[in-house]
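First listed ligand is number 1; within each ligand, the first listed atom is number 1. Note: hydrogens, waters and symmetry copies are ignored here, and every other heavy atom, side chains too, is used.
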Amino acid sequence: MDIKKEVNEIKDYIINLRREFHKNPEPSWKEFETSERIKNELEKESIPYKSIAGTGIIATIGNNKGKTVGLRADIDALEIEELNNKEYKSLKKGLMHACGHDGHTAMLLGAAKILKKHEKELSGEVRLIFQPAEELGEGAKKIIEEGGLEGIDNIFGIHLWSGIPTGKFSIMPGEIMASADLFSIKIKGKGGHGSMPHQGVDAAVIGASIVLNLQTIVSREIDPLEPAVVSVGKLVSGTRYNIIAHEALLEGTVRTFNEDIRKSISEKIERISKGIAKTYRGEAEMEYIWGPPPVKNDEESVKFARKCAESLYGKDSLYFSLKKMMGAEDFAYYLKKVPGVFIFVGSGNKEKVTDFPHHHPNFDIDEDALLLGTTLHIEYAVSYLKKK
Ligand code: NI
């Protein structure tokens with residue numbers, strides 16, 4: 001089968017779907033209409049599917065005579081007011097597909113249509129995973145909990161990327177994206193009159209001191225050759241200028257590529273915050289919420305995906321300048337369970353003004369990239385199933 005040619009023939013189908021999803025963005029766990037729309041398309045093609053993880057869908061194409069390969073698209077949008085003025089602009093106030101998941105969904109539906117046409121030629125099963133709630137880092141976990149990965153031998157995922165020119169693909173081994181955890185610290189002091197500080201225990205001072213001292217984790221306690229981030233994004237305390245604050249709340253995030261360091265940072269945060277609180281006669285309680293682990297690509301799958309890209313678009317299509325990211329992706333949960341690869345497909349085009357960063361209110365994608373992504377989905381699945 002000539003994949004490139006066949007994808008080109010359904011170009012309008014893919015682009016129209018993407019625009020339709022773009023016009024109707026829905027936030028994480030509330031992708032109701034999106035989910036219905038995907039099901040409609042699958043029904044039109046007589047592709048069997050089942051619902052999973054609330055608004056998620058798993059569709060299957062092929063047979064059980066060989067291996068099973070998973071293809072994943074995330075389907076949720078973001079709480080951002082779109083500033084673009086294209087004909088396909090978001091119709092929903094305060095909501096926007098500002099990360100390209102509209103394109104991911106359209107590409108996977110395009111791939112489904114062509115894979116279904118060639119179902120008899122497949123030497124195994126292709127499982128299409130339409131995943132909700134990626135932006136919360138929760139959807140993938142739920143899909144796994146509900147058995148969505150059972151029987152899968154390998155998994156492939158695509159993120160369109162505005163920081164890479166259209167026509168290029170970043171397919172890199174090892175940890176390519178960081179883990180992302182959340183911590184919150186509750187500080188207890190003792191209230192009082194602002195004019196008589198000695199009678200109280202100032203939770204605002206404790207909170208401020210903890211924020212400053214947490215900066216020493218990365219600068220003083222972590223190997224400088226190991227990237228890590230500890231950011232406090234929220235610190236609230238007090239009610240009025242002349243009252244000693246009796247409580248403070250602090251929230252932050254931890255990012256790293258190394259599971260051991262990740263665990264050690266959670267312990268350091270607790271040690272430092274409790275120690276500081278005690279120094280100032282107060283108390284601190286930490287809650288640490290583990291988010292997605294680092295995205296770690298399997299070496300063999302990386303080699304295989306590169307071969308797929310090269311066979312279709314030549315050696316020059318591979319892009320090696322994309323740095324590792326401290327950003328996270330819940331695709332990481334799948335890669336903890338089965339080997340596979342998460343790749344970035346360039347969608348940045350200066351002339352078309354599609355090079356704004358992801359999550360920006362002017363974000364947009366070069367729709368030519370949709371054809372490349374669809375083609376890679378198909379090539380990866382078909383070739384993987386053929387592999388001995
Ligand atoms: Ni995204």
Side-chain angles (χ1 to χ4, degrees), residues 17-18 21-22 24-31 34-35 38 53 55-56 70-82 84 90 95-109 128-143 155-164 166 169-172 175-180 182 253 255 291-297 319 322-335 340-348 354-367 369-370 372-374 376-377:
L17 272 175
R18 181 262 160 165
F21 291 126
H22 193 85
N24 296 291
E26 294 176 294
S28 301
W29 293 130
K30 295 194 177 119
E31 308 91 339
T34 307
S35 186
I38 296 166
T55 41
L71 303 176
R72 177 270 210 165
D74 40 9
I75 64 172
D76 54 336
L78 287 157
E79 288 82 354
I80 295 178
E81 178 77 22
E82 177 158 17
N84 292 319
S90 168
L95 283 170
M96 175 191 180
H97 268 292
C99 198
H101 300 186
D102 49 345
H104 301 169
T105 311
M107 290 191 296
L108 198 55
L109 281 171
L128 310 154
I129 303 171
F130 295 91
Q131 183 210 300
E134 192 289 318
E135 295 293 357
L136 295 176
E138 294 174 356
K141 218 172 153 185
K142 195 88 185 123
I143 297 252
I155 189 158
F156 178 73
I158 290 180
H159 208 301
L160 292 164
W161 205 251
S162 67
I164 303 177
T166 306
F169 316 112
S170 172
I171 309 172
M172 301 300 279
E175 287 91 355
I176 56 164
M177 296 178 86
S179 58
L182 187 159
T253 186
R255 311 292 173 114
V295 176
K296 188 177 181 190
N297 279 338
Y319 186 81
L322 187 71
K323 286 187 185 157
K324 290 170 148 203
M325 283 178 234
M326 298 315 289
E329 233 298 336
D330 71 359
F331 195 83
Y333 289 114
Y334 301 130
L335 293 175
V341 55
F342 188 64
I343 77 164
F344 293 99
V345 169
S347 63
T354 63
D355 53 350
F356 277 98
H358 291 248
H359 296 202
H360 189 285
N362 281 114
F363 177 82
D364 198 5
I365 53 183
D366 178 356
E367 288 171 329
L370 298 176
L372 306 177
T374 306
L376 285 178
H377 266 311

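Look at His104 and the Ni ion (ligand 1): no N/O/S atom of the residue is under 2.8 Å from the metal. For a distance bound of 2.8 Å, the N, O or S atoms of His358 include none lying that close to the Ni ion (ligand 1).
The Ni ion (ligand 1) forms the vertex of an angle spanning SG of Cys99 and NE2 of His101; to the nearest 10 degrees it equals 100°.
Closest heavy-atom contact between Pro294 and Ala332: O-CB, 3.5 Å.
When each of His101, His97, Glu82 is checked for a side chain to side chain donor-acceptor pair (under 3.5 Å) with His22, only Glu82 meets the rule.
Restricting His159 to its N, O or S atoms, the one at the least distance from the Ni ion (ligand 1) is NE2.
Residues Glu138 and Asp330 fail the side-chain proximity criterion, which asks for heavy atoms closer than 4.5 Å.
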Steps toward salt bridge (charged side-chain N to carboxylate O under 4.0 Å, His left out) verdict (Asp366, Arg18): CA-CA 11 Å; Asp366 178 356; Arg18 181 262 160 165; over 6 Å; no
